[in-house]
Amino acid sequence: MSPTTQQPTQGGGGSADYPNCAAVRAAGAAPIHAGEPGYSLKLDRDGDGVACE
């Protein structure tokens, strides 16, 4: 067995993909925490792990 390496990703965990925080809010999904569906670094302006706060 060979070890696996995890690649860094742009965000979190899920299938939701929002173009901006207005779309997140319109969907009633704000705020989104890192690891939740729809989280993305592009939506997390201050990099604290909470998007569209």
Side-chain angles (χ1 to χ4, degrees):
M1 242 185 208
S2 61
T4 58
T5 304
Q6 290 186 348
Q7 298 296 320
T9 61
Q10 277 294 77
S15 59
D17 184 27
Y18 299 103
N20 53 46
C21 285
V24 174
R25 290 184 191 100
I32 306 172
H33 296 88
E36 293 180 346
Y39 176 83
S40 172
L41 289 175
K42 72 180 181 182
L43 301 174
D44 186 358
R45 293 175 62 174
D46 59 3
D48 67 351
V50 182
C52 304
E53 46 197 323

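Only this structure's heavy atoms are used, side chains among them; waters, hydrogens and symmetry mates stay out. Count residues from 1 along the sequence. Just so you know, these numbers come straight off a predicted model, no measurement behind them.
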| request: Taking all heavy atoms of Pro37 and all of Ala16, pick out the closest pair and write down the distance. | output: C-CB, 4.2 Å

| Can you hop from Val50 to Tyr39 via hydrophobic side chains spaced under 4.5 Å? | no

| query | Pairs in or reaching into residues 24-53: which pass disulfide (SG to SG under 2.5 Å), with residues at least two apart or in two chains? | reply | Cys21-Cys52

Name every donor-acceptor pair, under 3.5 Å, that has one atom in a side chain of residues 26-34 and the other anywhere in the protein, sequence neighbours excluded.
none

| Arg25, CZ: over 12 other non-hydrogen atoms inside 6.0 angstrom | yes

| field | By side-chain contact (heavy atoms from CB on, under 4.5 Å) - contacts of Asp46 (at least two apart) | value | Asp44, Asp48, Glu53

